[in-house]
Amino acid sequence: MRNSATAFNNAMAIAQDTGLAPRQFVYVKNVKPFGGGAAASFGFWTGDDDAIFTVIDGGTGLPVERTYYGAVNMVVDNIPRVSDMTVQSIQIEVSQIATVTELLVRGYDVRLAKVEIHEMALDPGSRLPISDPEVVFLGQIDGAPIETPSAGEDGVITFSINSDAMSMLARVNPRKSSFQSQKRRSDDRWGRYAGTVKNWPIKWGPQ
């Protein structure tokens with residue numbers, strides 16, 4: 001269940017009369033450059049200017065200051081709100097000619113990079129934030145193809161993002177039934193016959 005800030009809930013209650021200006025933030029964490037060197041993180045948002053925002057880190061739960069680059073023509077899919085254990089996937093489109101997005105996909109390895117998506121709303125009158133951005137999705141990049149546009153069209157980079165928590169739960173651990181890895185734990189021999197027991201003939205019923 002999502003716990004939103006009181007200021008945001010109050011603004012939602014009167015949004016039908018006053019309106020809201022939603023903004024979305026995407027942060028790609030700790031990607032490594034193809035040429036070697038230190039990892040870097042990149043933030044984008046649906047605003048027009050580069051700005052620094054305080055957000056809640058999806059990993060630590062602590063407030064952090066991050067730089068988000070604007071004017072990248074970012075479009076984020078609707079975030080699925082589900083209560084089951086299925087892996088949710090969304091897509092994020094950004095311009096391929098914006099300097100920072102081109103640097104990210106052509107200069108860094110984004111495969112399986114962690115991604116955090118935050119949302120915030122601006123007061124339509126003052127254009128000031130109603131509350132701090134809140135986490136709405138945690139995931140990892142499953143693909144980032146660069147589409148070559150036809151003449152006169154705009155090119156985009158499409159990030160495919162899988163929900164992080166559910167994909168981790170669905171991941172198969174090939175070591176969990178290995179006798180070799182089990183016996184390292186104080187000579188644990190629980191998995192000694194794990195590789196052959198599946199072939200044992202089991203008779204059921206009266207013998």
Side-chain angles (χ1 to χ4, degrees), residues 2 22-80 86-120 129 131-149 154-176 181 184:
R2 178 181 170 185
R23 293 292 183 269
Q24 293 170 307
F25 304 78
V26 173
Y27 199 71
V28 183
K29 304 178 72 173
N30 300 324
V31 287
K32 295 182 178 180
F34 288 121
S41 299
F42 292 80
F44 316 103
W45 74 302
T46 49
D48 296 327
D49 302 305
D50 303 343
I52 298 175
F53 292 92
T54 299
V55 302
I56 299 300
D57 186 283
T60 65
L62 300 174
V64 292
E65 279 194 350
R66 291 175 177 170
T67 298
Y68 288 88
Y69 296 94
V72 297
N73 294 335
M74 188 170 70
V75 178
V76 181
D77 274 353
N78 289 329
I79 306 296
T86 57
V87 177
Q88 301 300 314
S89 299
I90 65 170
Q91 290 189 332
I92 300 171
E93 291 185 357
V94 294
S95 168
Q96 67 174 240
I97 62 173
T99 302
V100 67
T101 55
E102 185 176 24
L103 172 63
L104 171 60
V105 297
R106 297 190 187 278
Y108 291 79
D109 184 6
V110 299
R111 182 177 178 273
L112 300 181
K114 300 297 184 182
V115 176
E116 296 182 4
I117 301 177
H118 293 70
E119 287 184 348
M120 180 186 72
S131 60
D132 290 334
E134 298 182 359
V135 178
V136 294
F137 195 83
L138 302 177
Q140 60 185 18
I141 296 177
D142 191 43
I146 303 174
E147 301 174 11
T148 301
D154 295 329
V156 298
I157 302 165
T158 304
F159 295 100
S160 297
I161 314 292
N162 290 334
S163 58
D164 203 16
M166 293 302 102
S167 62
M168 290 295 289
L169 289 176
R171 182 177 298 172
V172 176
N173 181 0
R175 292 170 58 90
K176 63 184 179 182
S181 61
R184 294 176 185 172

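Predicted, not measured: the structure shown is a model, and the values here were computed from it.
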Asker: Stepwise, does the side chain to side chain contact (heavy atoms under 4.5 Å, CB included) test hold for Phe42 with Val31?
Answerer: CA-CA 9 Å; Phe42 292 80; Val31 287; 3.9 Å; yes
Asker: Please check if the side chain of Asp50 supplies one atom and the backbone of Gly70 the other of a donor-acceptor pair under 3.5 Å.
Answerer: yes
Asker: Does Val75 reach the side chain of Ile92, with side-chain heavy atoms less than 4.5 Å apart?
Answerer: no
Asker: Can you tell whether the side chains of Lys29 and Glu116 come within less than 4.0 Å, N to carboxylate O?
Answerer: yes
Asker: Does Ile117 reach the side chain of Ile90, with side-chain heavy atoms less than 4.5 Å apart?
Answerer: yes
Asker: Take the angle between the ring planes of Tyr68 and Phe25 and call it parallel below 30°, perpendicular above 60°, tilted in between.
Answerer: perpendicular
Asker: With no hydrogens and no angle check, is any side-chain donor or acceptor of Ser160 less than 3.5 Å from a backbone partner on Gln91?
Answerer: no
Asker: Should Phe44 and Val100 be marked as a side chain to side chain contact (heavy atoms under 4.5 Å, CB included) after you check the CA-CA gap, both sets of side-chain angles, and the distance that decides it?
Answerer: CA-CA 9 Å; Phe44 316 103; Val100 67; 3.4 Å; yes
Asker: Output, in order, the C-alpha distance, side-chain angles, deciding distance and verdict of side chain to side chain contact (heavy atoms under 4.5 Å, CB included) for Leu103 and Tyr108.
Answerer: CA-CA 7 Å; Leu103 172 63; Tyr108 291 79; 4.2 Å; yes
Asker: Are Arg66 and Tyr27 in a cation-pi setup, meaning NZ or CZ lies under 6.0 angstrom from the ring centre and within 45 degrees of the ring axis?
Answerer: yes
Asker: Indicate yes or no: at least one non-hydrogen side-chain atom of Leu138 is less than 4.5 angstrom from one of Val115.
Answerer: no
Asker: With a 4.5 Å cut-off on side-chain heavy atoms, are Ile56 and Leu62 touching?
Answerer: no
Asker: Ignoring hydrogens and geometry, is there a side-chain-to-backbone donor-acceptor pair from Thr46 to Met74 under 3.5 Å?
Answerer: no
